[in-house]
Amino acid sequence: MSNSLWNDCAARLQNELPAQQFNTWIRPLQADLEQNTLFLYAPNTYVVEWVKDKYLKQIITFLRSSSGEKAPNVELRVGGSRKPSGMKDAAPATSINGESTSASLSSPQDTNRPNENSAAANGNSNGRQQYTPQVLTNPIDRPISLQHSNLQPTYTFDNFVEGRSNQLARAAASQVAENPGKAYNPLFIYGGTGLGKTHLLHSIGNGILANKPDAKVFYLRAERFVQDMVYAMKHNKIDSFKESYRSVDALLIDDVQFFAKKDHFQDEFFHTFNWLLEGNQQVILTSDVYPKEIEGVDERLKSRFGWGLTVAIEPPELPTRVAILERKAEERKTKLPHEVAFFIAKRLRSNVRELEGALNRVIANVTLTGRDITIDFVKEALRDLIAAQERLVTIDNIQRTVAEYYNIKVSDLTSKRRTRSVARPRQVAMALAKELTSHSLPEIGDAFGGRDHTTVLHACRKVKELIESDHEIQEDYRNLNRTLSV
Amino acid sequence: MAALMLHEQQLPLPVQLPDHAQFSNFVLGDNAQAHAHLARLPEATWQPQDQFTLLFGGSGRGKTHLLCALCEAFADAGRSSIYLPLSELANPQAVAALNGIESYDVIALDDIHAVIAIPEWANALFALFNRVTDKRDSYLVCTSLQSTARLPIALPDLRSRLQLAVSFHLKTLSDSEKVQAMQQHAKARGLELAADVGEYMMHRLSRDMHQLMSVLDELDKASMARQRRLTLPFIKQVLEF
């Protein structure tokens, strides 16, 4: 009952609203009908407010037209539905939480309303698809649970590719995993983004658990610590927040630079940090820069960060980049020939994520085409990443480039002169303008000295014909196209 | 220029996509791989390498169409989705629209270039990428005018997250494919657009797809109002050629 009512309403909205609006504001809503109130759940207060402001009246009108006097009240809330919408099995109850603001507006119980037939209400009258309801399976915005380590089991020392750039960090991490709280405390790993700091952090956590399965190991990002604390303060649970964080055997905090300028949280973190160090509980931290260089973080905290061991991870050198690609391809059960890995690694140097992104694109192409991975295949798949960067091409730019290429003046291109030395470059420039811009043919004609659109059409046909028959023109056109597009 | 005058009024720039964007009515052109990559996601077993996708390229190449089609296809598979047009949310307060959206099976963020230089947005997007990464069962698909390398991203951490995405450069359709796209669009509205009429429009109007679709919408309205088919004389009359 609840879902069919909402589904009918949503189907009608789908037929009335542009696709973007429907997909943004209506499709994400989840419905639950309880005691004549239709609860509509949105992911956050922003969506709640927007829907309330722009669509609630329309929703109520639809409900009234299909259910008449029995039309339920409508209440918008943040959160996930307590019941799945019926299209597939979903996880059980998810609570309403964090952002608890709810907006409600009762539907007026007006009996003088138009009655609409069911086909229209189902949105099927014009053959369009019927709305399919949303099923959210996860709770939204809640405190992180310290019952779980949050460790990714896939990040281990075994699949961490070691090279000159990271071997010191790898060795220190391994020792900490063997002797938590004793080897280096805190261990501070720093380096640019995408170089493997998070991988090492998880490897340490997984290593500690492998040696001592009942150890309380806990991983989180710095911003999550802040969110958790906000939640604890909001719900008067700051004592249990402190107790939870202080009871762990190893606390692994990623990206501590995100504590910047959050003085209140830094203060709390400082105390937690001291508590753990005094109790010989292991602390491992990562950041994108050397501790002393983190901006917006309290000096006393920076100084504490450097008490144990501070190690750097540098961008991987070529052999490591090749090894990383080969390892990741193997994990994805993809056969990546060595020379291809070398080809990619030589061109993409900045970080591991960039390499992984390139590999992801190559694998996507393999999945789609079923072809073997060769250097040519990779060149094609990665053309966008490696070389071509799109530029905004204008008619002015085309005219300047073509004039320079043929050693004539821009004014020649727009003049009435019809000699071959000017007419041919003009035709080439017009054809390029048609290919590389979205201007209308009359606009292109205008830009070339007020010529008619049929002249532009003729030029484009002529150049197309010449490209096929005249090697020189073909070469000119290709060179100019490349110069303008890259 | 004068060609775009309609009833002595400049045509408004289109802001909305027609309401029937699906994978089946996307004209492929040179963008078959991006289409195939996205079209297989609703039924695919989740793999980490598919988690992030970026579609980039200039206006009128079908980025929004593909995102809306993706939401539709996920709905057909009984799965959840949310689409956010970030160019309409380009202010620091609107970052709240990202809260909790990692719960959806697919998160479609259109026009990330519009917000990526705003520090609050860069931070919020970075946090969203992390939440989606940790969740390990959803897809985040973004679109942008530029590639990751060219985006003016203030936060290096966010840039490196975007680098992880499977990235597709969408290309413009050829003129004949644009006519085909207009014909499909017209058909969905119960109109018939003959090829020569489409070609006639291509030769006289801006060849930007958004502009062409906008003109088609106007022609649809005019055809409805005057009970006329889309013939050449009718189009010439309406568009005042």
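The sequence lines fix the lettering, A, B, ..., with proteins before strands; numbering per chain opens at 1. Keep in mind the model is a prediction, meaning the values are calculated, not measured. All values below were derived from every heavy atom in this structure, side-chain atoms included, with hydrogens, water molecules and symmetry-related copies excluded.
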Under 4.5 Å to a heavy atom of chain B? For A:T367 that would be side chain
| said: Using side-chain heavy atoms (C-beta onward) and a distance below 4.5 Å, is A:F258 in contact with B:F126? | reply: yes
Okay, B:L89 and chain A: the region with an atom under 4.5 Å from a heavy atom over there is side chain
One option among B:T148, B:N130, B:T53 has the most heavy-atom pairs under 4.5 Å with chain A, and it is B:N130
Under 4.5 Å to a heavy atom of chain A? For B:A97 that would be both
Exercise for review: Quick one: sort the B:H203 and A:H453 rings into parallel, tilted or perpendicular, breaks at 30° and 60°.
Suggested key: tilted
Honestly, the part of B:D134 sitting under 4.5 Å from a heavy atom of chain A is both
Whatever's closer than 4.5 Å to a heavy atom in chain A on B:M202 counts as backbone
Do any N or O atoms from the side chain of A:N44 and from the backbone of B:A96 form a donor-acceptor pair under 3.5 angstrom? yes
When the 4.5 angstrom heavy-atom criterion is applied to B:D175 and chain A, the contacting part is side chain
Bottom line for A:K328: the part with an atom under 4.5 Å from chain B's heavy atoms is neither
When the 4.5 angstrom heavy-atom criterion is applied to B:R159 and chain A, the contacting part is neither
Counting heavy-atom pairs under 4.5 angstrom with chain A, the leader among B:Q47, B:R136, B:R40 is B:R136
- Item | Any donor-acceptor N/O pair, A:R361 side chain to B:S167 backbone, under 3.5 Å | yes
Would you call B:I82 and A:R27 a side-chain contact if the rule is heavy atoms closer than 4.5 Å? no
Within 6.0 Å of CG in A:D452, more than 12 heavy atoms from elsewhere: yes
Cut-off 4.5 Å, heavy atoms of chain B, and the answer for A:I444 is side chain
Applying a strict 4.5 Å limit to non-hydrogen atoms, the region of A:E223 in contact with chain B is side chain
key: A:E380 and B:Q33 side chains, donor-acceptor separation under 3.5 Å   = no
Check for a donor-acceptor pair, side chain of B:R161 on one end and backbone N or O of A:G194 on the other, with a separation under 3.5 Å. no
The interface call for B:F168 against chain A, heavy-atom contacts under 4.5 Å, is both
Is a side-chain N or O of A:Y46 found less than 3.5 angstrom from the main chain of B:A94, in a donor-acceptor match? no
- prompt: Are any of the side-chain heavy atoms of B:Q163 and A:N351 separated by less than 4.5 Å?
  reply: yes
Most contact-rich option vs chain B, by heavy-atom pairs under 4.5 angstrom, among A:V352, A:T369, A:N365, A:V456, is A:N365
